[in-house]
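Residue numbering restarts at 1 for every chain, and letters A, B, ... go by the order of the sequence lines. All values derive from a computational prediction rather than experimental measurement.
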Amino acid sequence: DAGVIQSPRHEVTEMGQEVTLRCKPISGHDSLFWYRQTMMRGLELLIYFNNNVPIDDSGMPEDRFSAKMPNASFSTLKIQPSEPRDSAVYFCASSLGQGFRSPLHFGNGTRLTVT
Amino acid sequence: SQQGEEDPQALSIQEGENATMNCSYKTSINNLQWYRQNSGRGLVHLILIRSNEREKHSGRLRVTLDTSKKSSSLLITASRAADTASYFCATVASNDYKLSFGAGTTVTVRA
């Protein structure tokens, strides 16, 4: 079991640039989550997919953020245009079963720095 | 929003000692989960305890849940240097489905 795989591990970009973060969930898991972690706000849920369908995107900060899950083995989180306040560690997690009543399996995150 | 609050914020202990951290939450829950995060890594699930359970064990970990006090504790026995990490509690409220994380307890185990 390779676990949840995220890429890249680190991303440094300039303000205004487009950033795409990628995630491969654990095979067989049907729920996928994107979280953002900062010192100030802790862990925040951005969006939750079940069976590739976005169920709850109320945590997406603004229209600059978008997420897709074209199939069961791949998801992207895109920020366009990026801003310095988007600097954070972005985690993808997957689980088996609907919602949050099963343990989440996290990737190692993408550390995003926007200058 | 339903969010656990861990106490203490930071804990420093000697290898071999026990470490105890607490989590308090605000409304009734479906379950409570504990996660560990090593520096620069993702969160790792440790234990899930349901609202009708009072205690669970996993190796050197013991979790208790007191729904009347809306609190949970995580005990790490015979700590090791490898236990140095941040520990988070997370709750799923009864009337919601989202998992809300607390701010975490940073545990340092000194050799």
Using the side-chain contact (heavy atoms from CB on, under 4.5 Å) rule, take A:Phe91 and B:Gln37 through it: C-alpha gap first, then chi angles, then the decisive distance, then the call.
CA-CA 12 Å; A:Phe91 288 103; B:Gln37 184 178 31; 3.4 Å; yes
Honestly, the part of A:Ser58 sitting under 4.5 Å from a heavy atom of chain B is side chain
Separation between OG of B:Ser86 and CD of A:Gln37, rounded to the nearest 0.5 Å:
8.0 Å
Interface check, chain A: of B:Asn30, B:Asn38, B:Asn31, most non-hydrogen pairs under 4.5 Å belong to B:Asn30
For the CD atom on B:Gln9, are there more than 12 heavy atoms of other groups (residues, nucleotides or ligands in this structure) within a distance under 6.0 Å?
no
Kindly check if the number of other-residue, nucleotide or ligand heavy atoms within 6.0 Å of CZ (A:Arg9) is above 12?
yes
Should we say atom CZ of B:Arg80 is surrounded by more than 12 heavy atoms from elsewhere, each under 6.0 Å from it?
no
Could you tell me whether A:Lys68 atom NZ has more than 12 heavy atoms of other residues or ligands within 6.0 Å of it?
no
Has B:Asn52 got more than 12 heavy atoms of other residues, nucleotides or ligands less than 6.0 Å from its CG?
yes
Over 12 non-hydrogen atoms of neighbours within 6.0 angstrom of CD in B:Gln14:
yes
Judged by atom type as modelled, is there a donor-acceptor pair below 3.5 Å linking the side chain of A:Asn108 to the main-chain atoms of B:Arg41?
no
To the nearest 0.5 Å, tell me how far A:Leu104 CG sits from B:Leu43 CG.
9.0 Å
Select one option (side chain, backbone, both, neither) describing which atoms of A:Arg111 are under 4.5 Å from chain B's heavy atoms.
neither
Exactly one candidate in B:Tyr35, B:Phe88, B:Phe101 meets ring-ring contact (aromatic ring centres under 6.0 Å, His included) with A:Tyr35; the answer is B:Phe101
